[in-house]
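All heavy atoms count here, side chains included; hydrogens, waters and symmetry mates do not.
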Amino acid sequence: MGFSSGQYKRGRQERPWKVNPVWRGIGCILLLIIPIMAWYVTEIILWGNTGIKLPPLFTSVYFVPYIHIVAVDKVITQVNQFLFSNKLVFGQFFLTIILTVFGFGVMAFLYAVLYRVAGPPRYGPFDVPPNKV
């Protein structure tokens with residue numbers, strides 16, 4: 001046996017904490033709900049908006065450009081027919097992505113605030129007190 005073979009025989013160390021499955025479920029639900037909410041808020045912004053003049057790019061139906069490869073162009077044709085039949089506009093996709101990122105940012109900020117308020121103390125009983133500067 002070589003020198004390093006003993007390190008591979010050690011058992012795995014278990015984590016000192018366990019993640020509650022409820023938190024995983026909440027995260028999974030938020031992963032689904034936030035983009036859906038962003039989609040509907042975008043619907044309200046685009047179609048319920050009468051006061052703000054939106055650029056024509058936001059309100060025109062989006063088409064995927066052809067790349068002149070026969071097998072790929074068949075798929076692009078079907079995608080373009082789907083986009084045109086459902087009247088999906090570029091602004092719908094763009095604002096949905098922006099609002100989704102904003103929604104997850106707000107959730108991360110709220111989690112950070114709640115963790116600071118209700119989380120464990122910063123220093124444990126065996127830590128040295130911070131320097132007085």
Hydrophobic clusters join Ile, Leu, Val, Met, Phe, Trp and Tyr when side-chain heavy atoms are under 4.5 Å apart, directly or via other members; which others share one with [X]?
X    : result
V106 : F102, L110
V128 : none
V133 : none

Same cluster for [X] and [Y] if Ile/Leu/Val/Met/Phe/Trp/Tyr side chains link at under 4.5 Å?
X   : Y   : answer
W47 : Y62 : yes
V22 : L31 : yes
F84 : V79 : no
L57 : V61 : no
I98 : W39 : yes

Could I get the full list of side-chain contact (heavy atoms from CB on, under 4.5 Å) partners for [X], not counting sequence neighbours?
X   : result
Y40 : I36
I69 : I67, V72
M37 : I33
F82 : N86, L88

For T77, check side-chain hydrogen bond (donor to acceptor under 3.5 Å, both in side chains) against everything at least two apart and list the hits.
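Counting only residues at least two positions away or on another chain, T77 forms a side-chain hydrogen bond (donor to acceptor under 3.5 Å, both in side chains) with Y66.
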Can you name the nearest heavy-atom pair linking P35 to L30, along with the distance?
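Closest approach of P35 to L30, heavy atoms only: CD-O, 4.1 Å.
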Smallest separation among heavy atoms of V64 and N80, with atom names
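Looking at all heavy atoms of both residues, the shortest contact is N-OD1, 2.7 Å.
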Sequence neighbours excluded, which residues qualify as ring-ring contact (aromatic ring centres under 6.0 Å, His included) partners of F58?
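Only F94 meet the ring-ring contact (aromatic ring centres under 6.0 Å, His included) criterion with F58.
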